[in-house]
Chemist: 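Quick one: the structure is below, questions incoming.
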Amino acid sequence: MPYTNLTFAVADRIATITVNRPDKLNALNDATMAELGIAIDEAVARDDVGVVLLTGAGRAFVAGADISELASQSPIVAQRRARVGQQVFRRYETSPKPTIAVVNGFALGGGCELAMSCHMRIASDKARFGQPEVKLGIVPGFGGTQRLPRLIGRGAALKLLLTGDMIDAHEAHRLGLADEVVPADQLTERAQALAVSMLANAPLALAGCIEAVNRGLDSTLDEGCLAESDLFGVLSATADMREGMEAFLAKRPASFTGQ
Ligand code: COA
């Protein structure tokens, strides 16, 4: 499908979604948000995609929701905008294919929330993270108040939320907001390598890990373990489980089909 505010490219089973409004630091206007939803749906639906990389064009990952649109919003429009954004971001979080935020620059407000909705975050050493909404008189609207404390703990999350301060990539890594930091000129290469290492594994097992983690984080330990054991059982019916174990025993690399 043709996109206006982002690019969507597939190579070697890796889909790369690039938010592409560099003159506005990739701020998420409503049109871009809608395209992000279409893009993740396309990536999940396509058989030739196994892993999704999400990044930004130019010097930003995403510098937040588009303030020029927020400035005139009514309470009802604002509530709807937040719910639409939350639903779109949730699709990145619940994607059965790994989603990796490749944070090349500013990840502020909705950009930080989008990165947090991906399964992991790899950051350039030039990246900056923050939730500056309080400086605009609002709270985050795309899940930031919920995902940030789950990722980095209540105190560290509230420090970022209440100060609105930006932190650099190394501080984000120390807090657990970024999973890796790499020099800017190695970001793409490292993201591709991560994707390739995931692509070598059984697709249904990847989806099972994501589902178990998501379901567990939304429930008790016992409920999460129940979900895990169900998935463990279901995956034992797959051709890929037989292939993975036969390959191990035969001391050869496994070749998975996703069946
Ligand atoms: N919404 C709309 N436009 C944005 C934007 C946003 N969230 N973030 C940046 N832009 C636009 C700027 O208005 C500017 O547009 P212009 O050239 O037409 O004036 C362009 O992107 C470049 O931004 P600029 O502020 O000139 O770059 P900078 O290097 O001086 O500062 C930031 C970079 C990220 C610190 C600054 O742009 C910023 O604070 N952005 C808003 C971050 C924010 O509050 N996000 C949460 C929104 S809820």
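As the structure is a computational prediction, the values presented were derived from the model and not from experiment. First listed ligand is number 1; within each ligand, the first listed atom is number 1. Values reported hereafter were calculated over all heavy atoms of this structure, with side chains retained and with hydrogens, waters and symmetry mates removed.
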Chemist: Closer than 4.0 Å and a protein heavy atom, does any atom meet both conditions relative to atom 48 (S) of ligand 1?
Modeler: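 So far as the 4.0 Å threshold goes, atom 48 (S) of ligand 1 is in reach of a protein heavy atom.
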Chemist: Got the closest protein heavy atom to atom 23 (O) of ligand 1, with its distance?
Modeler: Leu25 CD1, 3.6 Å
Chemist: Checking side-chain hydrogen bond (donor to acceptor under 3.5 Å, both in side chains) between Thr55 and each of Thr7, Thr188, Asn104, Thr18, which is the one that passes?
Modeler: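 Filter result, single survivor: Asn104.
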Chemist: Is at least one protein non-hydrogen atom found at under 4.0 angstrom from atom 25 (O) of ligand 1?
Modeler: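 No, no protein heavy atom sits under 4.0 Å from atom 25 (O) of ligand 1.
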Chemist: Applying side-chain contact (heavy atoms from CB on, under 4.5 Å), run through Glu93 and Arg147 and close with a yes or a no.
Modeler: CA-CA 11 Å; Glu93 189 165 53; Arg147 290 193 179 90; 2.7 Å; yes
Chemist: Please check whether Lys24 reaches ligand 1 - meaning an N/O of the residue sits under 3.5 Å from an N/O of the ligand, judged on distance alone.
Modeler: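 Such a contact does occur with ligand 1.
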Chemist: Quick one: nearest non-hydrogen protein atom to atom 5 (C) of ligand 1, plus distance?
Modeler: Ala27 CB, 4.0 Å
Chemist: Which protein heavy atom lies closest to atom 35 (C) of ligand 1, and at what distance to 0.1 Å?
Modeler: Met166 CE, 3.8 Å
Chemist: Look up atom CD1 in Ile167 and atom CG in Leu175, then write down how far apart they are to the nearest 0.5 Å.
Modeler: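 Those atoms lie 5.0 Å apart.
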Chemist: Looking at atom 28 (P) of ligand 1, tell me if a protein heavy atom falls under 4.0 Å from it.
Modeler: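 Yes, there is a protein heavy atom closer to it than 4.0 Å.
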Chemist: Under 3.5 Å, is there a donor on one side chain and an acceptor on the other for Glu35 and Thr32?
Modeler: no
Chemist: Would you mind telling me which of Ile40, Asn214, Thr99 makes a side-chain contact (heavy atoms from CB on, under 4.5 Å) with Thr94?
Modeler: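 Testing each of Ile40, Asn214, Thr99 against Thr94, the sole residue satisfying side-chain contact (heavy atoms from CB on, under 4.5 Å) is Asn214.
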Chemist: What part of Arg59 sits under 4.0 Å from ligand 1 if we count only heavy atoms: the side chain, the backbone, both or neither?
Modeler: side chain
Chemist: Would atom 31 (O) of ligand 1 count as contacted, meaning some protein heavy atom under 4.0 Å?
Modeler: no
Chemist: Quick one: does Val182's side chain get under 4.5 Å of Ser124's, heavy atoms only?
Modeler: no
Chemist: Hey, are Lys159 and Asp165 close enough for a salt bridge, meaning a charged N less than 4.0 Å from a carboxylate O?
Modeler: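 So Lys159 does not pair with Asp165 through a salt bridge.
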Chemist: If you define the side chain from C-beta out and look only at heavy atoms, does anything of Val102 sit under 4.5 Å from Ile122?
Modeler: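 Of all side-chain heavy-atom pairs linking Ile122 with Val102, at least one is under 4.5 Å.
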Chemist: Looking at atom 1 (N) of ligand 1, what's its closest protein heavy atom, distance included?
Modeler: Ile67 N, 2.9 Å
Chemist: Nearest non-hydrogen contact with atom 2 (C) of ligand 1 belongs to which option: Asp66, Asp23, Asn29?
Modeler: Asp66
Chemist: Look up atom 12 (C) of ligand 1 and tell me if a protein heavy atom lies less than 4.0 Å from it?
Modeler: no
Chemist: Using a strict 4.0 Å cut-off to heavy atoms of Leu136, name the atoms of ligand 1 that fall inside it.
Modeler: 44 (O), 47 (C), 48 (S)
Chemist: Please list, in number order, the atoms of ligand 1 under 4.0 Å from a heavy atom of Pro132.
Modeler: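 With Pro132 as reference, the close atoms of ligand 1 come out as 43 (C), 44 (O), 45 (N), 46 (C).
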Chemist: Please list, in number order, the atoms of ligand 1 under 4.0 Å from a heavy atom of Leu108.
Modeler: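 Heavy-atom distances to Leu108 below 4.0 Å select 34 (C), 42 (C).
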Chemist: Which word best sums up how the rings of Tyr3 and Phe8 line up, parallel for under 30°, tilted for 30 to 60°, or perpendicular for over 60°?
Modeler: parallel
Chemist: Count the heavy atoms belonging to other residues, nucleotides or ligands that lie under 6.0 Å from CG of Asp218, then report whether that count exceeds 12.
Modeler: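 Check passes, neighbour count above 12.
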Chemist: Is there a protein heavy atom at a distance of less than 4.0 Å from atom 38 (C) of ligand 1?
Modeler: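 It does not: no protein heavy atom is found less than 4.0 Å away from atom 38 (C) of ligand 1.
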Chemist: Between Leu206 and Leu199, is there a side-chain heavy-atom distance shorter than 4.5 Å?
Modeler: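 Counting from C-beta outward, Leu199 and Leu206 never come under 4.5 Å.
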Chemist: Determine whether any protein heavy atom is located less than 4.0 Å from atom 45 (N) of ligand 1.
Modeler: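 So far as the 4.0 Å threshold goes, atom 45 (N) of ligand 1 is in reach of a protein heavy atom.
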Chemist: With atom 8 (N) of ligand 1 as the reference point, say which of Pro22, Pro140, Ala63, Ala71 has the nearest heavy atom.
Modeler: Ala63
